[in-house]
Amino acid sequence: MAAINQPRSYQFWNTIDATPGSFNLDAGRYGLNVSAAVWGTAILEHALPTTPALTWLPVTASLAANGYTVIDLPAGLYRLTLAGITDLVGSIEKISVGRA
């Protein structure tokens with residue numbers, strides 16, 4: 001039986017308008033590719049385990065247009081926070097191995 005929250009090397013989004021659920025990523029260098037019909041802002045955030053809840057810290061500048069960016073990430077829990085966006089499609093995929 002596979003665990004739902006196992007770290008992985010990718011995440012895809014298909015025509016979303018609201019902040020999707022969080023996801024785990026392995027450590028490494030990632031390519032983040034996003035495109036939307038109407039832009040507001042999108043921010044990739046990393047969770048810090050704090051008590052009693054998670055603290056989310058931005059790991060990208062606010063994205064406000066279609067594009068691609070490369071980012072080095074530690075292993076952990078992430079989310080893509082959206083505001084005012086219509087029909088976002090995109091992905092984050094590992095392009096090189098990093099340290100755990």
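At least one side-chain heavy atom of Trp39 sits under 4.5 Å from a side-chain heavy atom of Leu88. Considering only heavy atoms from C-beta on, Leu80 stays 4.5 Å or farther from Ile92 through its side chain. Within the 4.5 Å cutoff, no side-chain heavy atoms of Ile95 are placed close to those of Tyr30.
The line from CH2 of Trp13 to CG of Asp87 is 15.5 Å long, rounded to the nearest 0.5 Å. Interatomic distance, Ser91 OG to Tyr68 OH, rounded to the nearest 0.5 Å: 8.0 Å. In this structure, OG1 on Thr86 lies 11.5 Å from CD1 on Ile16, to the nearest 0.5 angstrom. To the nearest 0.5 Å, atoms NE2 (His46) and OG1 (Thr60) are separated by 13.0 Å. Separation of atoms CG (Leu77) and CZ (Phe23) is listed at 8.5 Å; rounding is to 0.5 Å.
Between Thr19 and Thr81, the shortest heavy-atom distance links the atoms OG1-CA, 3.5 Å. Residues Leu63 and Val34 share a closest heavy-atom pair of CD1-CG2, 4.2 Å. For the pair Ile85 and Gly40, the tightest heavy-atom approach, listed with the atom from each and the gap, is CG1-N, 3.5 Å. Considering every non-hydrogen atom in both Ser9 and Leu25, the closest pair reads C-CD2, 4.4 Å. For the residue pair Asp26 and Lys94, the shortest heavy atom distance occurs at CB-NZ, 3.3 Å. The two atoms that bring Pro58 and Ile43 nearest to each other are CB-CG2, 3.7 Å, heavy atoms only.
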Please determine whether side chain to side chain contact (heavy atoms under 4.5 Å, CB included) holds for the pair Tyr78 and Leu73, giving the CA-CA distance in whole Å, both sets of side-chain angles, and the decisive distance to 0.1 Å. CA-CA 10 Å; Tyr78 291 87; Leu73 299 174; 3.4 Å; yes
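In the hydrophobic clustering (ILVMFWY side chains linked at under 4.5 Å, chained through shared members), Val38 stands by itself.
Atom OH of Tyr10 sits in a sparse spot, with 12 or fewer heavy atoms from other residues, nucleotides or ligands closer than 6.0 Å.
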